Amino acid sequence: MEQAVFTVNNVWMMVATALVFIMHLGFAALESGLTRSKNTTNVLFKNTLIPGIGLLTYALVGFNLMYPGFASGTSMDFFGFSGFGLTLPEGGETNAYNAGYTYWTDFLFQGMFAATCATIVSGAVAERIKLHSFMIFSVLFVAITYPIIGSWKWGYGWLNTLGFLDFAGSTLVHSVGGWGALAGILLLGARIGKYEGKKVNPIAGHSMPLAVLGTFMLWLGWFGFNGGSVLSADPGAVSRVLVTTSLAAAAGGLAAAFTILFTTKKYDLGMVLNGILAGLVGITAGADVMGVLDAVLIGLISGVIVVFSVLAFDKLKIDDPVGALSVHLVCGIFGTLAVGIFGSKAGLNQLMIQALGVAACGAAAFGTAFLFFFVLKKTMGIRVTPEEEIEGLDHHEHGMSAYVLHNAEVSSKVEVTAHTNGAVTKEKPVAVH
Amino acid sequence: MEQAVFTVNNVWMMVATALVFIMHLGFAALESGLTRSKNTTNVLFKNTLIPGIGLLTYALVGFNLMYPGFASGTSMDFFGFSGFGLTLPEGGETNAYNAGYTYWTDFLFQGMFAATCATIVSGAVAERIKLHSFMIFSVLFVAITYPIIGSWKWGYGWLNTLGFLDFAGSTLVHSVGGWGALAGILLLGARIGKYEGKKVNPIAGHSMPLAVLGTFMLWLGWFGFNGGSVLSADPGAVSRVLVTTSLAAAAGGLAAAFTILFTTKKYDLGMVLNGILAGLVGITAGADVMGVLDAVLIGLISGVIVVFSVLAFDKLKIDDPVGALSVHLVCGIFGTLAVGIFGSKAGLNQLMIQALGVAACGAAAFGTAFLFFFVLKKTMGIRVTPEEEIEGLDHHEHGMSAYVLHNAEVSSKVEVTAHTNGAVTKEKPVAVH
Amino acid sequence: MEQAVFTVNNVWMMVATALVFIMHLGFAALESGLTRSKNTTNVLFKNTLIPGIGLLTYALVGFNLMYPGFASGTSMDFFGFSGFGLTLPEGGETNAYNAGYTYWTDFLFQGMFAATCATIVSGAVAERIKLHSFMIFSVLFVAITYPIIGSWKWGYGWLNTLGFLDFAGSTLVHSVGGWGALAGILLLGARIGKYEGKKVNPIAGHSMPLAVLGTFMLWLGWFGFNGGSVLSADPGAVSRVLVTTSLAAAAGGLAAAFTILFTTKKYDLGMVLNGILAGLVGITAGADVMGVLDAVLIGLISGVIVVFSVLAFDKLKIDDPVGALSVHLVCGIFGTLAVGIFGSKAGLNQLMIQALGVAACGAAAFGTAFLFFFVLKKTMGIRVTPEEEIEGLDHHEHGMSAYVLHNAEVSSKVEVTAHTNGAVTKEKPVAVH
């Protein structure tokens, strides 16, 4: 390996790391945009702290849990730990460590990944979870659940040895995060007012520009999420991954747009955003082994799935404010199975192995997440009081509003009915604080 | 070509691709920021779907229309098509395809470009166009107009053979998009209330933060738009392009700020944003052949032009909500001609060739766009009903508001009509602090 | 130096340049988010023009003041100037100029840095400074103060010869900008209503989503600010810098979150943002010489410092709307001193040199900035009228509102007191749909 190729590989991996970092802004914008303005500070607070929590936790234990040094190709290990903290290994700054990146790049790229897992949970439990309980959950989930499951495949553990394929983490990141979200939702319950008997009351997000910004940032970030998962700058491999990734996103958005149009007769922007993300999650497991048509098909199917999934979860009264379950869990599972159905690795045997991986990772992720949330619920509680929920978490937990729009030109259809003791002729200015 | 240089070339081109992608977020933010909040979801919807439409259309036909394999240097061809869909050619993943990038990178970079053309139209026709008509137009424009015109120069067609210069698309992308926008505006007419007799009623955008975010994203994206148009990572060529591009943007913003200040005595933020974009569009045709002073001059002139152009279009009652015509059409033409006036290729002969290219591309772009919009107008219609326009497209087409600000601290000057005891009294404005 | 390594070095430096550029969007979003909506257009206007002013000024004089050609290692020079404007030197486009980048990349990277210095001042003096006075100050500060002080270290002047260490500018950029901010605040005075006797009235920012967006953009930009300051793509050096930078940001955010939680019992999002930025500023001087634990400690200390600093400045009635003094000045000084306390260069002698550098740069920055603002105050004035300040700078200087939210669904806690026929009746809340 010559120095120049090593240097360019490492540059690409650093760029990919920066792109994955920007996904945290994407999640912050998407999740706050799709929830109510009375909880915006709270949502932003969680998403702003998560990268920090993720990186520090991953530095302390996660990285060494995920890459414990299992024997590549023969290990059937479930668990390993190579010690606390980061220590620069011999050759860690040169291509003696890896031909694609230095030790530092390796840690930072993987650390940025780790934090995304907790972020997926964040949106699903938004608008009713206690902040400190969620923070403790995040630490545990990033420190324990994510890296141990990750070690099974990316750390050369038993699933890798069995031939399980998950290129950039449809299962290891997205469905694992999705299972954590499901556990949280089941133990928290729905937001007040969302379900009344059989009726579903949609709770609109407060800012579509924020949601769109978030989605574009996530798509951009996926250039690094999938493109960096090649683990080098190999021109053919990386550029092919970027093409399959982008085509799946494009197809997912369009499929969701038409699916919901035929269902509700409305051009539903939120569903288009979900469709784009669904396509991205769906292609993630096999972005390296799909052809152009495969990628488009996976995107289309993901875009259809996500719409019906959102509707189905509401029928089941599983209240997911941002559609995280449909995008990350359902399409994460589909994308993982799709590696056995489409592309160069398709085959019944591969499909069975994919299903095994989905089930094993799902059981571990849901089980541990349920345990964490359950213990938290029984000890410090995980749900805010009804008063707090109705008034908004921003006021109670943060003592502030996310928006203070004074002297902006604001208007809406205003109807004032003044009840006064008799006939009213002339009103004085009405003060609206 | 050694492997390391090929790899770094391809890395730069992938980075440039990601940067051009981010321009779609830039357009989404700019266009929604400069239009009214009652149409925000609609604007965002268009801009969110366009990258997807662009990529899929370009994969299906556009790429092979734009690069049909004309003979470089001798072809006088107007049209060619090398087949539907993407197929990895021999050597497509190695430097046997191209020394600067793989086949996949080539497609994705060009595909991201293609979609920007439709986005330029989007802002100009905003707040009154029917969504499905616009979507059909976008498909046709990206599938047919953009790639065929592009083939004349970048596909080694007749304009290239004649010596027409358009480095990164002042004409091929920006003025082509601008001509499409003009065709749309002429067939749509102005927004209700914009012009009353000789009076121009300015319709303010709803969010300057969004517009500023969009402009910064576009400037950032231009690092890839122009920097990637070198088609390799050649250090001298690319870095020079980034310098000329940034200096033109800087000069454009300042020139527009002072021009409008002297005209209206106000520091007009919208005009500064237009000035920055004008400088960027202006330098695009010649970013590779301009010196430092040339770039500053082109930026300054573009920044002055854009202000007077915006005022002139309003005098002509050509209603362009976001100034797309002034930025992309007018400055796109100026920038193309500037290659014959400034920099190392200046000369009367070159100027004539530039003018020929502007005219030919303009005729083709305006003609086809007018045809598409005309047929759509006569069949399914292109304009929403007055009721829909007044109430806002978000409600009618999308069934939602882009903003739902509950429990935010909001105040403004409100006019209230109080219905009291059967008697309706018109009240004076209510001060809302 | 082979061509491939030179090319990849230059690619990384161009990417870093784009990332530093994006910091200007970060500052624009952060500063407008943390100030009031009646001044948003004004804040955005300043931040939108600053990159342009910075680049053009730096091209004209700054670059040649900062790198005047002092003799590396032996110079004790305070001042030098190598002429107006940019002229491509011999070998400027090849590795004969520098092994890490071309002349163009060098200029653009340094120019993007220069503008950040003025931006730091912008937030601190917001909501009361006259726009044109600030613009003139910016030109002077970027043209004179920043590059001359910068030449002392990065231009191989006397501080460099003495052994002063400031890797990416905790002092040369951040504390220099902070001193400029302090000078401005002292001459401007506090905003109306901020301090009443001993009481501090918090003035809330208007949009937390904007502030969070800005902070993420700044963190992202720091990948280039610190990562690019290696001045090549050296894999070990750059990736290590990215790790120390990110860990310090993570630790800073968490430390500030807990510090303010223990102080006020609230989860204060603004403080978390300040903490992240504090960690980033703190690590900047020594990002290349710190270990993992050093970086975390510097981040933690910075995150604690910033909280108490914000509280202290308010006690001193030094009104800094966005916390720029605490983040950039105080943590900039701490970070510079930290190079003598933590990491591989720690030592009493080094600490003394660091303190000397802090004092010398501080005296020069504060002195010149005070002079500029003082002369402006005595001539054209630096503060808007009280009427203008109360009504908002957007209306007076720009003739517009930053937000015009019509037909959005808006509501807030409404209290109506209707004065009817002499009798005041307490009304029930008015529903604003």
Side-chain angles (χ1 to χ4, degrees), chain A residues 3-4 6-8 10-11 14-15 18 21-22 24-25 28-29 32 40-41 44-45 48-49 51-52 55-56 59 85-86 93-94 102 104-105 107-108 131 210 397-400 402-416 418-421 424-425 427-428 430-433, chain C residues 2 4-5 8 11-12 15 36-38 204 206-209 212-213 216 220 223 233 235-236 238-240 242-243 246-247 249-251 253-254 257 266-269 272-273 292 392 401-410 412-421 425 427 430-433:
Chain A
Q3 184 61 18
F6 173 60
T7 305
V8 65
N10 190 67
V11 162
M14 295 191 299
V15 169
F21 168 73
I22 220 47
H24 292 286
L25 171 59
S32 60
T40 299
T41 304
L44 293 172
F45 194 94
T48 302
L49 273 189
L55 283 178
L56 292 175
L86 299 180
E93 298 206 343
T94 70
T102 66
W104 301 119
T105 305
F107 160 71
L108 202 60
L131 188 54
L210 261 183
E397 301 238 37
H398 307 280
M400 64 183 295
Y403 295 97
V404 185
L405 297 175
H406 293 300
N407 285 45
E409 292 178 30
V410 178
S411 75
S412 46
K413 271 166 269 151
V414 177
E415 245 181 72
V416 177
H419 301 258
T420 53
N421 299 330
V424 175
T425 49
E427 299 291 332
K428 271 197 181 175
V430 172
V432 181
H433 300 284
Chain C
E2 58 171 321
V5 173
V8 65
V11 162
W12 171 248
V15 169
R36 288 167 291 180
S37 58
K38 65 181 179 182
H206 87 279
S207 172
M208 292 317 293
V212 167
L213 168 69
F216 270 96
L220 175 69
F223 275 71
V238 178
S239 61
R240 173 187 176 156
L242 297 190
V243 169
S246 291
L247 289 177
L254 284 165
K266 291 286 178 194
Y267 291 105
D268 186 325
L269 178 54
V272 173
L273 304 183
V292 168
S401 294
Y403 295 96
V404 185
L405 297 174
H406 293 298
N407 285 43
E409 293 179 30
V410 178
S412 50
K413 270 168 268 152
V414 177
E415 237 181 78
V416 178
T417 310
H419 301 255
T420 51
N421 283 355
T425 315
E427 300 298 326
V430 172
V432 182
H433 304 285

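Computed from a prediction, not measured in an experiment: that's the story for all the values here. Order of the sequence lines sets the chain letters (A, B, ...), proteins ahead of strands, with each chain counted from 1.
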Chemist: Between Leu247(C), Leu220(C), Val292(C), who has the most heavy-atom pairs with chain A when the cutoff is under 4.5 Å?
Modeler: Leu220(C)

Chemist: Do you know which of Leu49(A), Thr40(A), Leu86(A) has the most heavy-atom pairs with chain C at a distance under 4.5 angstrom?
Modeler: Leu49(A)

Chemist: Do you know which two heavy atoms are closest between Ala204(C) and Val404(A), and how far apart they sit?
Modeler: CB-CG2, 4.4 Å

Chemist: Looking only at heavy atoms, which two atoms of Ala4(C) and Ala4(A) are closest? And how far apart?
Modeler: CB-CB, 3.7 Å

Chemist: Identify which part of Ala249(C) has an atom lying under 4.5 Å from any heavy atom of chain A, answering side chain, backbone, both or neither.
Modeler: neither

Chemist: Is there a side-chain contact between Glu93(A) and Ser239(C) in this structure, where contact means two heavy atoms from C-beta onward sitting under 4.5 Å apart?
Modeler: no

Chemist: Who among Thr102(A), Val8(A), Leu131(A), Leu25(A) has the most heavy-atom pairs with chain C under 4.5 Å?
Modeler: Leu25(A)

Chemist: Looking only at heavy atoms, what is the nearest atom pair of Lys266(C) and Gly399(A), with distance?
Modeler: CD-N, 3.8 Å

Chemist: Output the option from Thr105(A), Leu55(A), Leu44(A) having the highest count of non-hydrogen pairs under 4.5 Å with chain C.
Modeler: Leu44(A)

Chemist: Is chain C contacted by the side chain of Ala402(A), its backbone, both, or neither, given a heavy-atom distance below 4.5 Å?
Modeler: both

Chemist: Classify the ring geometry of Phe45(A) against Tyr267(C): parallel below 30°, tilted from 30° to 60°, perpendicular beyond 60°.
Modeler: perpendicular

Chemist: Measure Thr7(A) against the heavy atoms of chain C and call it side chain, backbone, both or neither at under 4.5 Å.
Modeler: both

Chemist: Which one, Ser246(C), Gly253(C), Pro209(C), leads in non-hydrogen pairs under 4.5 Å with chain A?
Modeler: Pro209(C)

Chemist: Does the side chain of Phe216(C) come within less than 4.5 Å of Thr48(A)'s, by heavy atoms?
Modeler: yes

Chemist: Go through the structure and list residues passing salt bridge (Lys or Arg N to Asp or Glu O under 4.0 Å) with Arg36(C), not counting sequence neighbours.
Modeler: Glu127(C)

Chemist: Do you know the tightest heavy-atom contact between Val11(A) and Ala233(C)?
Modeler: CG2-CB, 3.6 Å

